[in-house]
Structure formats: structure tokens, C-alpha cells
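Heads up: the structure comes next, in C-alpha cells.
Every chain is numbered from 1 and lettered A, B, ... according to where its sequence line falls, protein lines coming before strand lines. Every value quoted in this text rests on a predicted model; they were computed, and no experiment measured them.
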2 protein chains.
Amino acid sequence: MANIRDVAKESGVSVATVSRFINQKGYVSKEAKEVIGRAIKELDYKPNLVARSLSTKQTKLIGLIVPDIMNPFFPELARAVEDVALTYDYTVVLCNSDEKAEKEIHYIETLRQKYVAGFIVTTNQLQASHYQNLDIPVVALDRTIDASIPTVSSNNKEGARLGTAHLIEQGCQHIVCMRGPTGLGPADDRLDGFLEAVEGKEIVTHIIECPFHFEQSEEIARKFLSEHKGIDGVFASSDVSAAGVLKAAHSLGIIVPDELQIVGFDGIALGGMLSPGLTTVAQDIYKLGALVTRMLIKLIEEIELEEKEIQVPVKLIIRGTTRSEQ
Amino acid sequence: MANIRDVAKESGVSVATVSRFINQKGYVSKEAKEVIGRAIKELDYKPNLVARSLSTKQTKLIGLIVPDIMNPFFPELARAVEDVALTYDYTVVLCNSDEKAEKEIHYIETLRQKYVAGFIVTTNQLQASHYQNLDIPVVALDRTIDASIPTVSSNNKEGARLGTAHLIEQGCQHIVCMRGPTGLGPADDRLDGFLEAVEGKEIVTHIIECPFHFEQSEEIARKFLSEHKGIDGVFASSDVSAAGVLKAAHSLGIIVPDELQIVGFDGIALGGMLSPGLTTVAQDIYKLGALVTRMLIKLIEEIELEEKEIQVPVKLIIRGTTRSEQ
DNA sequence: TTGAAAGCGCTAACAA
DNA sequence: TTGTTAGCGCTTTCAA
């Protein structure tokens, strides 16, 4: 592989001039540009990015820290991140943290040794400490790590309000809210939205905590639904949980949506594959990912951020797990 | 951040000795080891991996090229790759190729400029050419790019035979095989398995081609099932397609498994979330990923490979879309 | 507008 | 067993 010196030699100029040329920095005469351009073509020269990084102390690597890429929310997010990164010539490193602080710390350290340009963090592990005094840019998704860290999130509260209101409109009077883990920002916000929607209405409510995990949700729902008769609506804080509820209902012979209506939250592809299709409060996951990545890249390239907190609207998608008026 | 020279100074030895120490190469006296170890602790020294790479022309970066991480087969695979990579101190770069040769080429070039150590390729794009004369290790998943490239795959043919046989055992007499794209290795193998299973049996069969895509599968299935009465079994070449068939059956009022039995292929989590649960030929996706990653790392570290082609067994998981004897 | 040369932090050959 | 030193390929300052 040709290096910058070969190009310099081939074109009869110095390496400094070639460097200026490829970085479009400083003065390079028209003639020089021509010769160099030709030499680069001829030699099929590609700059050695490692050498450049050593010199500039910068790479075009982005660390994407997710709890677990197998959780169906994250593939779409990762896809958006990667798409945007590609546009700006960045490369995405995948990190599964399993919500463990040690793992996060390990990734951060290893990647810093590689001069990673910045991190996108989507974990719940609220250990702000190891991000705070990091000297490289960090942005967060859907959870406020620290006031100093820019964040993109969905309007969780409004979404939950919307979803719950839909249940009420469709006639539910006895609603269970399967809330996500306490202390987890988005889960708390969604509970707030739920409470706001039922407030002052003549609705019987139950609130049960439930992880964003299919089997566990199914089990919890099965137990609850068989012990409590008369429940006619479930607002689940995630689509995976909602899928668990739907499966539980099926196995108990409860007919959805006639006897029980269900609304999920997230808008992952799974919802459309179920029968009946899952009514859900859809986040624009791709947009979340795209926005957060652009934000990070701005930070890296020291472009002023207009906003440090962006909220992305959510949208109610009505499918078959709730009754439709038409 | 402290560098190797600081450590050398602090411990009163030369950088060469420190380098030998951290790489565990060459001679370092007991005493030197002690002082250096202490200095490293004290200064919280971490080797600069970029500098090391520039010198050695090697990194611990692995490029994972998938068609699309949003396709539910790949998150589990990516997870396995990342887990194993982490064990060996490698870092995984995520690349979505969309099956486009240009994108693949772009990733390969960019990552080579970063001294990537090797690639795991899982695309169908059979453009062997740009891998063949690559001077870095490549391994492939589930598709033979080229005889020189080691491969890990599932026993697709046997799996399809197994799945189809199950359908027959459960009484199906009029079976549709929704085969994957022609020319795609695994899809062809699965068709072979299907054909082998029905061969010589008194079974009416239809073979239709269908991409590994939910909506399209649903549409194709809906059309086919409404035009052809009497079909009592479907063998789908992927779980996503099977999910589409199931959804189509529901919307047509066809009762599964009483009137129609369905078997999928892949063993992704989705199958368990459907109602009824999807009977499927499960690949051990995690194992595929783990094996292929270990293979690549061996290649990178120049450890002899025992086998250049590994087949991982598949397993029939019987759930609710086929009748059960008990 | 250009070029010489000093670094970036590490490895590895070679000499001691 | 240790140290000196020349790279790895690029950027960037400074002088010309």
C-alpha cells in the first residue's frame, strides 16, 4: 500500500503539501493539486487512518453502548446510528453492557485507549460518575444521565397518556398498568402519563411492576389475569410486555379485544406480527437514533448544539388489540 | 495520560524494557518487573493502542458485516460475536450492508485503512472477488463465499427434512413450501431438505418463493391460501415468513393448527411470542456466532484451524402451530 | 505557496 | 538482561 511519501515522490512535492491537499487545509497551488490528485489515483493511495489518529489524537469511531442488542428495541436504534455514522464517515463499535457498570467502564476504558471520538449511551445504569469527568463527548438516549449530557428521548408521559386515553375511549373500566422498573426514567414517566389519563375518571386501576421481558411479563400477566376477574384493559409499558400479556390472555382463553384490550409502548416490528396486531404507542426509534447520532457528531466536531434536550413525539398506532369504532 | 516514556522514567528503566514488560516478550528481570508494575499502577498507565497499531500494523478490531441488524436473526448473532470478541479483547464494528456490494466494499476499504484485524461476513452478496485477494482473515457465516474462506453453518438440509417430516407425521397431506430466495445457499439447502422429506410420500406439494420478510410473506401467503383450498401444512424457510403465514391464516379465519399447521425455520425469539407458539427448526444462532468468531480470532492469531467448515446441528422445537400427540 | 523536520506513543532490531 | 534508536505514516509548526 502506497503511503503519503510515495505520493509526494510521485508528484514531486513534499509530504506536507500532500497532507494539506488531502485535508484541504492551507494553501496548495492549482498545479500542485493536479499532480497530487493524479499521483493519488495512480498509486491508489488511501491515507492510513491509524497514523493520522496517532497524530491528531482523534478517530472516527463511535462507541454505542446498549444494554443488549437482543432486546428488540435496540436493533432499529443501532441501525439508525450506523446509517447516520456512515454518512459522516464514522464507524460504530457495538457494546453490550448488560446494564453492568463494570462492563460499561471496561468499554469506556478500552475504547479510550483507541482514541474513540465519543459515546452514545442507552443504558439505565445511572452511574453518571464515569461519564461526568470523561474528556470526550457523550450523548444519552432516553435517560438523563446528568444535566451536562445532551439527551434525546421520546415524549413518554404524553405517549402513556395517549395510550391510556385510547383504552378509556374504547370503553375500558378496569385497567391494569404494567409499569416498567421503578427508578428507570422512561418507565416512571410512562406511569405518570397513565395516572394522568385515569385521574378523575371512574376507572378501577391496578399498577404492577414488570420488567421489559417477554416470559416474565407473560407469567406476571397470566397470574394476575387469572386471579383478578373483570379486567378489561391493560396498558403495558413496553411492546414486549404487551406481547406477554397477549400470549397470557390467549392461553387463558380471554378474547382480545372483545374481553380484554391491550395497548403497548415502543412501536417495534413485533407488534405488527402478532395476532391480533398490537395497538401501541410508537416511538420513532429510527429518528431517536438518527438524532442522537447527529448530536454526538456535532459535539465531536465542535459545532454548536441548538438544543441539549430533544423530545421526539410519539404516535398511537391502532391495531387489533383494541376495539375500533368503524 | 501517562505514556510509556513516563513509566520508563518513573521506574528508572528504558522504554524498551517497559514495552517488553507490557507485552510479556523478551527478558525482564524480577526486579525490573516489580518497579515497572508499581510505576504503571501509580501513573495509571494504559498503553496507547493507536500507537501500538501503527507500529504493529494490527488492531483488535473485528468487522461484522450483516445485511441488516434489524432482521431478527442478526441481533442474537451479533451478541454472540461481541461476547466472544470481548473475551479475547477484541472490539466489534457493526456494518449493515443491505446486501449491496458497494456498501460491503466501502466497509472493507474504510476498515482496512484502520488496520482492522479481520471480517465476519454474513451477507448473501456472493461477490467473492473482493474477499479473495484480501490480505486479512475473513470467515463466513452460513454461506460459502469461496472454498478458501472458512465457514460455519447450520445443517440446513437436515433441518428442513426434520421440519417437513414433522408436518407429515402430524397428518399434513397438502403442504406448501415457502422457500427463500433462489440462489441463496441456505435457502436452496432447505428446499432440498423439504423435497427429500416429501419424496415418495403421498403428499401434494406446492413450492413458492418468498423473501425473508414479514409483510411480503404475509401477503404471498394470504393470496395463496385464499386461492388454494385444502392446504393443511406450510413449511416456511424462515420464522419471519412463518409469522407472516400465521398472520395471514388468522386474517382468513383459518384455524391453526386444526386446519393448517405451520413450521418455521431459525428459532428466533419471535416464535415463542406468537399465539399459538411457532413450531420451528431452531438454529443455535448464538453458537454459530460464537464459533465463527473464535474461528476468526484463531485465524488472526495464526493458530491452526482444525476444521475449515463447521456444521452446527439444528433442533426441532414443537410449539402450538403443529398438532401435538399428547 | 512550499518544504524540512519534529513529534504522536509504541515496537523491535541490534548492540551492549 | 537492558538500552539505543530507527521506524510505523501522518500532521503541523515554522521558516523560507
Rounded to whole Å, how long is the line connecting atom [atom1] of [X] with atom [atom2] of [N]?
X      : N     : atom1 : atom2 : result
A/Y27  : C/dG3 : OH    : C1'   : 17 Å
A/Q113 : C/dG9 : CD    : C1'   : 13 Å
B/K30  : D/dT2 : NZ    : P     : 12 Å

What verdict does the side-chain hydrogen bond (donor to acceptor under 3.5 Å, both in side chains) test give for A/Y45 and A/N3, after you've listed the backbone C-alpha separation in whole Å, the side-chain angles of each residue and the deciding distance to 0.1 Å?
CA-CA 7 Å; A/Y45 167 72; A/N3 63 26; over 6 Å; no
Check whether more than 12 heavy atoms from other residues, nucleotides or ligands sit under 6.0 Å from atom NZ of A/K46, and answer yes or no.
yes
Kindly point out which of C/dT1, C/dG3, D/dG3 is positioned nearest to the side chain of B/V13?
D/dG3
Summarise protein proximity over nucleotides 7-16 of chain D in one line of letters, 5' to 3': B for base, S for sugar-phosphate only, - for none, counting protein heavy atoms closer than 4.0 Å.
BBBBSB----
Between A/L77 and A/I285, which heavy-atom pair has the shortest distance, and what is it?
N-CG2, 3.7 Å
Using a strict threshold of under 4.0 Å (side-chain N to carboxylate O), is an ion pair present between B/E76 and B/K287?
no
Are side-chain N/O atoms of A/Y286 and A/D83 paired as donor and acceptor at under 3.5 Å?
yes
Residues passing the salt bridge (Lys or Arg N to Asp or Glu O under 4.0 Å) test with A/E42, sequence neighbours excluded, are none
